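See structure below.
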Amino acid sequence: MTAAKILIVDDEAPARKRLSNLLDECREQFPLTIVDEAANGLEAVEVVNKGRLDIVLCDIRMPAMDGIEFARHLSRMQAPPKLIFTTAFDQYALQAFELNAVDYLLKPIRQERLLAALQKARPVLPPAAIAIAEATQHKRRHLSIHERGRVVLVPIDDVLFFKAELKYLTVRTAQREYLLEESLTKIEEEFGGMFTRIHRNAIVATQAITGFERVALGAEDGEEAADAAETGGGAGLRWVCVIKGVNEKLPVSRRQQHIIREF
């Protein structure tokens, strides 16, 4: 039997050491290799991106990125490793199984219980992404962006705006753009007051809005021209949102022009 490649994720070094020792006790009955350790979900994603893993043993309560959010990012990968939650808090048990985790181990973990979890390990199924989104009660701190076969994590605090284009969202930070296959409406619902809708196709980070300007309409702005005439916005002019850190200015629709007064 090929040795399973395992990642241990826990923010407490003694807990990682104890789990490593328990895994050593399981080797005879379950061939395995401990590939790496991580102190939180952010570090764990970096390890997963480096190469193939078979199983991740992951704590739930951790700083920077907890186990629930890590599971959400993991389930969006094309071939995710199998996930086993480890925690000292039994209130997460139901949620863990709703997320299609292989197993849920309550600390202190016994060797025979760990072995049983390893033996029944199975992949996180794609529908887990939906279950995770429904079960999670807190906002993500990062977005999962898939680029060239790996996952790039973009901190939500770095996002200046989301713009819907065909079936993708353009995610803009001060540094660059990313493409994300998610719904603009669901993003707006998840992150609440962090973003302000300026158009049916765009929401902007509220803290990134520096003001609004009226600019000349171009040949492609037929809808905005009608809006301007209807609202008295000035012939040949439209409102745009000025965004900190980028030169791009996004149009403000007639329906959303009330935010100009509010700002």
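Every value quoted in this text rests on a predicted model; they were computed, and no experiment measured them.
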Ile209-Val242 co-clustered via ILVMFWY side chain contacts under 4.5 Å: no
Minimum heavy-atom distance between Pro81 and Val56, given as atom pair plus value: CG-CG2, 3.7 Å
Heavy-atom closest contact (Lys244 atom, Thr210 atom, distance): CB-CG2, 3.6 Å
Any side-chain heavy-atom pair of Leu83 and Leu74 under 4.5 Å: yes
Side chain proximity check, Val151 to Val48, heavy atoms < 4.5 angstrom: no
Minimum heavy-atom distance Leu7-Asp36, with the two atoms named: CD1-O, 3.3 Å
Salt-bridge present (Arg140, Glu182; N to O < 4.0 Å): yes
Flag, side chain of Thr87 to backbone of Arg61, donor-acceptor distance under 3.5 Å: no
Close side-chain approach of His73 and Met65, heavy atoms under 4.5 Å: yes
Glu177 CD: over 12 foreign heavy atoms closer than 6.0 Å: yes
Heavy-atom closest pair, residues Ala164 and Leu169: CA-CD2, 3.6 Å
Cationic tip of Arg72 above Phe70 ring, under 6.0 Å, 45° of axis: no
same_hphob_cluster(Val47, Ile68) at 4.5 Å side-chain heavy-atom cutoff: yes
Under 3.5 Å donor-acceptor, Arg52 side chain and Ala79 backbone: no
Co-membership, hydrophobic cluster, residues Ile156 and Val154, 4.5 Å side-chain: yes
Results of ring pair (Phe, Tyr, Trp, His ring centres under 6.0 Å) for Phe195 - residues two or more places apart only: Phe162
Candidate pair Leu19 and Asp10, rule side-chain contact (heavy atoms from CB on, under 4.5 Å), full reasoning: CA-CA 10 Å; Leu19 194 49; Asp10 198 301; over 6 Å; no
Side-chain donor or acceptor of Glu181 paired with backbone N/O of Lys167 under 3.5 Å: no
Side-chain heavy atoms of Val246 within contact of Leu160, under 4.5 Å: yes
Check ion pair Lys163-Glu248 (N to O, under 4.0 angstrom): yes
Residues which pass side-chain contact (heavy atoms from CB on, under 4.5 Å) with Asp157, listed by chain and number, not counting sequence neighbours: Met194
Main-chain N/O of Gln111 paired to Glu25 side chain as donor or acceptor, under 3.5 Å: no
Test: Lys107 and Asp59 ion pair at under 4.0 Å: yes
Heavy-atom closest contact (Leu180 atom, Ser144 atom, distance): CD1-O, 3.5 Å
Minimum side-chain heavy-atom gap Ile198-Ile203 below 4.5 Å: no
N/O donor-acceptor pair under 3.5 Å between Glu188 side chain and Leu184 backbone: no
Student check: side-chain heavy atoms of Leu179 and Ile145 closer than 4.5 Å: no
Intermediate values then yes/no, side-chain contact (heavy atoms from CB on, under 4.5 Å), Leu114 and Leu105: CA-CA 7 Å; Leu114 174 59; Leu105 303 179; 3.7 Å; yes
Short N-O contact, Lys120 and Asp103, less than 4.0 angstrom: yes
Derivation of the side-chain contact (heavy atoms from CB on, under 4.5 Å) call for Val35 and Leu53: CA-CA 8 Å; Val35 173; Leu53 289 169; 3.8 Å; yes
Arg214 side chain vs Arg238 backbone, donor-acceptor pair below 3.5 Å: no
Donor-acceptor under 3.5 Å (His142 side chain, Val152 main chain): no
Closest contact, heavy atoms only, Cys58 versus Gly67: SG-CA, 3.9 Å
Donor-acceptor contact below 3.5 Å, side chain Gln256 vs main chain Arg197: yes
Glu147, CD atom: more than 12 neighbouring heavy atoms under 6.0 Å: yes
Short side-chain to backbone donor-acceptor contact, Asp158 and Thr173, under 3.5 Å: no
Check: Pro63 and Asp11 side chains under 4.5 Å, non-hydrogen atoms: yes
Non-hydrogen side-chain atoms of Ile8 and Ile34 separated by less than 4.5 Å: yes
Qualifying residues under salt bridge (Lys or Arg N to Asp or Glu O under 4.0 Å), relative to Lys17, sequence neighbours excluded: none
Co-membership, hydrophobic cluster, residues Leu143 and Val45, 4.5 Å side-chain: no
Steps toward side-chain contact (heavy atoms from CB on, under 4.5 Å) verdict (Val240, Leu250): CA-CA 5 Å; Val240 295; Leu250 299 181; over 6 Å; no
Short side-chain donor-acceptor distance under 3.5 Å, Glu165 and Thr170: yes
